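Just follow the structure's listing: the first ligand is 1, and inside any ligand the first atom is 1. Quantities reported herein were computed from a predicted structural model and do not represent experimental measurements.
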Amino acid sequence: MKKILIAIDGPAGSGKSTTARLVARRLGYVYVDTGAMYRAMTYKVLTSGASPADEAAVVKLSRDTRISLVDGGELKVMLDGQDVTEAIRSEEVTKSVSLVSSYNEVRVLMVEKQRQIGAAGGCVVDGRDIGTVVFPHADLKFYMVADIAERARRRQVELSGTGVDLPVEQVVQELKERDFKDSTRETSPLKKADDAIEIDTTNLTIDEQVEIILSYAREVAVGHEEMQRK
Ligand code: DC
C-alpha cells in the first residue's frame, strides 16, 4: 500500500504522542515526535547556561545544534551525539519549551529538519503546527483534544512515573499556561487545520484512538492505490 503522511496536532495531554507512536508501529511507519525536537533544543539552552528569554542567544545556539530522532522500537532523541531521551522530559524543560519554541528562527530550523524526515512519506508526525505549517498537504490530518481535567490526570500519571508528584491543581495550571503560550504565539500557533479531523479523546481508550486513525489511514492508502491503478 502507498505510504502516506499522517499529521497529528493538539494540546499537551490530548493523547497525540502515545497514539502517534502506536499508529506508526502498526503501519510500519516512522514516528516523528516534533515536540521532542523543541524539548531537545530547550535542554541545550538550559544546560549551556543561556537564558531561554534571550532570543539572540537561543537562536545562535540553535544554528549550532544537531538534533536527530532515532526510531528503533523506542524513539531515541539525540542532541549533538548525546542521548537526551529522558532528560528532555524534566519539569525544567517543560516549563521553558514554549518560550524557546516561540522563536521564529528556531522554528525555521526545526521545520526544515521535519520536512526532510517526512519527505519520503510513511510517517506519523505529531506536534502543534504539523497540519497547518509543516505539512499542509499531509494525506491525513487529525486534531486531538480532551478535557483539561483528563489531560491533567494523564500528565500527572506520566510525571509520577518519573518520580515527580505534583498536585493536580498545579498540573492544570501548567497545562493552561502552556496551552495559552502555544496557541497565542505569533509564529505557527497551535490551531486546528481546516481539513483536520477532530478526535475528542476524553472518553476514549488508547486502543480506540489508534483504531480510529488506522481506519482512516487504510481508507486513504487504498484510495491512493486505486487512483494509481486507473
Ligand atoms: O508535544 P510536547 O508537549 O512534547 O511539546 C513540547 C512543546 O514544544 C510544546 O509545548 C510546544 C512546542 N512544540 C511546537 O511549538 N511545535 C511543535 N510542532 C511541537 C511542539
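Heavy atoms of R185 found under 4.0 angstrom from ligand 1 belong exclusively to the side chain.
The local environment of NZ in K76 is sparse, with at most 12 non-hydrogen atoms from other residues, nucleotides or ligands closer than 6.0 Å. Within a 6.0 Å sphere centred on CD of E86, heavy atoms belonging to other residues, nucleotides or ligands number 12 at most. Heavy-atom neighbours of K191 NZ from other residues, nucleotides or ligands within 6.0 Å: at or below the threshold of 12.
Ligand 1 places these atoms under 4.0 Å from at least one heavy atom of G127: 17 (C), 18 (N), 19 (C).
Within the structure, the closest approach of Q114 to ligand 1 does not fall below 4.0 Å when heavy atoms are considered. Remark: distances from the non-hydrogen atoms of R107 to ligand 1 include one below 4.0 Å.
An N or O contact shorter than 3.5 Å is missing between D126 and ligand 1 by distance. Note: an N/O pair closer than 3.5 Å links D182 and ligand 1 by distance alone.
For atom 12 (C) of ligand 1, the closest non-hydrogen atom of the protein is S101 OG, 3.5 Å. When hydrogens are left out, the protein atom nearest atom 4 (O) of ligand 1 is R39 NE, 2.7 Å; that is the closest non-hydrogen contact. In terms of protein heavy-atom proximity, atom 20 (C) of ligand 1 is nearest to G35 CA, 3.5 Å. Here the protein heavy atom with the shortest distance to atom 1 (O) of ligand 1 is R128 NH1, 3.0 Å. Among protein heavy atoms, the minimum distance from atom 18 (N) of ligand 1 is reached at D129 OD1, 2.8 Å. Nearest protein neighbour of atom 6 (C) of ligand 1, counting heavy atoms only, is R178 NH1, 3.6 Å. What sits closest to atom 19 (C) of ligand 1 on the protein, heavy atoms only, is T34 OG1, 3.3 Å.
Ion pairing between a basic and an acidic side chain is recognised when a charged N comes within 4.0 Å of a carboxylate O; R128 and D9 show no such pairing.
Side-chain N or O atoms of S96 include none that pairs as donor or acceptor with a backbone N or O of V93 at under 3.5 Å. Judged by distance alone, the side chain of Q156 and the main-chain N or O of L166 form a donor-acceptor pair under 3.5 Å.
Here V23 sits in one hydrophobic cluster together with I4, I6, I8, L22, L27, Y29, V124, L140, F142, M144, I197, I199, L204, I206, V210, I212, I213, L214, Y216, V220; the rule is ILVMFWY side chains under 4.5 Å apart, joined directly or through other members.
Looking at T202 and D200, their side chains do bring a donor and an acceptor atom within 3.5 Å of each other.
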Check the pair M110 / T34 against side-chain contact (heavy atoms from CB on, under 4.5 Å), numbers first and verdict last.
CA-CA 8 Å; M110 299 291 165; T34 62; over 6 Å; no
